[in-house]
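Here's the structure, in structure tokens; my notes come after.
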Amino acid sequence: MGARGVSVVEMDEPTMPELKILPDTRSVAHVAADAIVSAAESAIAARGHFTIALSGGNTPENLYRLLATEQYRAQIDWANTYIFWGDERCVPPDHRDSSYRMAREALLDHVPLPAGNIFRMRGEDEPHSAAEAYEQGLRDFFTRREADVLVQPRFDLILLGMGDDGHTASLFPNTDAVDERSRWVIAHYVPRVEMWRISLTAPAINAARQIMFLVTGAGKADTLREVLTGPHRPRQLPAQLVQPVDGRLIWLVDQAAAARLPDGMQRAADA
Ligand code: 6PG
């Protein structure tokens with residue numbers, strides 16, 4: 001067991017990601033915050049800026065609040081940090097369901113981040129035009145800073161959650177969004193949640209330098225086992241789409257979410 005009770009499972013199959021099983025949601029947040037500090041330091045040292053795409057949902061809120069504490073706030077160069085989102089609900093930015101609102105209240109209002117460093121998805125606009133505008137914004141940003149010719153935006157870090165149905169970002173099971181391979185950002189109506197969503201697509205996600213899943217709670221245990229060890233069926237389990245082309249994939253999970261993983265994984269994690 002490493003620091004903070006972190007146990008690392010380096011999967012023997014080359015295609016399996018790095019899995020860290022932590023005691024509880026608090027330790028997941030701390031390990032994630034440390035990883036974000038480290039990713040920011042190395043990105044800014046290497047390229048002068050750090051680009052991170054945030055996730056919505058309940059799991060990351062503790063992480064965002066932790067990053068806003070003095071212990072962590074002082075460790076990040078916010079002036080050279082650029083905030084994006086992996087997905088958004090199509091609601092106004094002050095709506096209770098807005099992922100932007102949650103991140104703003106938990107983190108962005110409490111750190112010295114220039115307003116121009118925040119690139120939110122405009123949930124208040126017509127969804128398809130908002131998705132097109134966001135994609136154009138990514139092209140403008142990453143072309144200026146990363147490369148002359150862009151195939152995909154290459155985020156330094158993308159945070160993702162996973163629903164108990166295996167969705168990630170707003171790529172939901174059995175929706176055409178799962179199959180999108182040319183656009184970077186799409187908008188679609190999601191019957192399961194009865195709302196329009198905007199989301200990065202699999203190619204935009206998989207171009208990242210680092211992707212970090214945060215999955216906690218017993219309610220995710222069966223799905224996590226299916227996603228990590230079951231047959232590859234990304235249309236039913238969109239989290240399986242996440243396979244960075246040239247980047248690092250880390251799963252940060254608590255013991256409750258890991259409870260249904262095969263004993264071998266648990267033993268390897270506890271080794
Ligand atoms: C969202 C997220 C979504 C989330 C999962 C898990 O906007 O809801 O992008 O993909 O990460 O639904 O959500 P919880 O962390 O609340 O379980």
Side-chain angles (χ1 to χ4, degrees), residues 22 24-29 31-33 52-67 83-93 95-107 119-124 127 130-131 134 155 157-175 177-178 180 185-202 204-206 208 211-224 226-228 234 236-242 249-254 256-259:
L22 297 108
D24 51 33
T25 55
R26 187 175 175 281
S27 46
V28 166
V31 170
I52 180 171
L54 302 182
S55 170
N58 301 312
T59 306
E61 189 164 353
N62 294 333
L63 165 60
Y64 301 160
R65 294 191 186 285
L66 184 62
L67 286 172
I83 306 284
F84 300 82
W85 275 262
D87 67 325
E88 182 58 280
R89 294 84 179 276
C90 293
V91 295
H95 191 281
R96 68 178 180 283
D97 289 343
S98 167
S99 297
Y100 163 77
R101 180 203 54 75
M102 182 272 278
R104 183 178 57 71
E105 291 179 357
L107 174 60
F119 296 83
R120 69 177 182 88
M121 294 172 167
R122 292 180 56 86
E124 68 272 32
Y134 202 75
F155 290 99
L157 178 58
I158 298 180
L159 300 180
L160 292 175
M162 184 194 76
D164 60 8
D165 61 351
H167 82 261
T168 189
S170 283
L171 304 176
F172 282 79
N174 304 307
T175 63
V178 170
E180 179 61 49
V185 188
I186 51 91
H188 65 144
Y189 180 76
V190 183
R192 180 183 175 87
V193 293
E194 298 178 345
M195 66 167 73
W196 280 83
R197 292 283 190 102
I198 300 169
S199 184
L200 294 184
T201 58
I205 291 170
N206 286 329
I211 303 169
M212 194 154 65
F213 269 103
L214 277 65
V215 182
T216 61
K220 306 284 176 75
D222 287 335
T223 305
L224 185 64
E226 278 306 300
V227 166
L228 288 184
Q236 290 74 36
L237 295 170
Q240 289 184 332
L241 285 169
V242 179
L249 173 59
I250 304 173
W251 289 78
L252 295 185
V253 306
D254 67 358

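Numbers here simply count residues along the sequence, with the first being 1. Order of listing sets the numbers, starting from 1, for every ligand and every atom in it.
Between Tyr134 and Phe84, the ring-plane angle classifies as perpendicular under the 30° and 60° cut-offs. Ring-plane geometry between Phe172 and His167 is classed as parallel, the angle between the planes falling under 30 degrees on a 0 to 90 degree scale with a further cut at 60.
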List, for ligand 1, each N/O atom that has a protein N/O partner under 3.5 Å away, with both atom names and the distance.
| residue | atom | partner | partner atom | Å |
| --- | --- | --- | --- | --- |
| ligand 1 | 7 (O) | Asp87 | OD2 | 3.3 |
| ligand 1 | 7 (O) | Arg89 | NE | 2.9 |
| ligand 1 | 7 (O) | Arg89 | NH2 | 3.3 |
| ligand 1 | 8 (O) | Arg89 | NH2 | 2.7 |
| ligand 1 | 9 (O) | Asp87 | OD1 | 2.7 |
| ligand 1 | 9 (O) | Asp87 | OD2 | 2.8 |
| ligand 1 | 10 (O) | His167 | NE2 | 3.4 |
| ligand 1 | 10 (O) | Ala169 | N | 3.3 |
| ligand 1 | 10 (O) | Ala169 | O | 2.7 |
| ligand 1 | 11 (O) | Ser55 | OG | 3.3 |
| ligand 1 | 12 (O) | His167 | NE2 | 2.7 |
| ligand 1 | 15 (O) | Asn58 | N | 3.4 |
| ligand 1 | 15 (O) | Thr59 | N | 2.9 |
| ligand 1 | 15 (O) | Thr59 | OG1 | 2.6 |
| ligand 1 | 16 (O) | Asn58 | N | 2.7 |
| ligand 1 | 16 (O) | Asn58 | ND2 | 3.3 |
| ligand 1 | 17 (O) | Lys220 | NZ | 2.7 |

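In this structure, the side chain of Glu88 engages the main chain of Ser99 through a donor-acceptor pair within 3.5 Å. Thr223 places a side-chain N or O within 3.5 Å of a backbone atom of Asp164 that can act as its donor or acceptor partner.
Note that the OG atom of Ser55 and the CE atom of Met212 stand 11.0 Å from one another [nearest 0.5 Å].
Between Leu54 and the choices Leu63, Leu159, Ile158, the side chain to side chain contact (heavy atoms under 4.5 Å, CB included) rule is met once, by Leu159.
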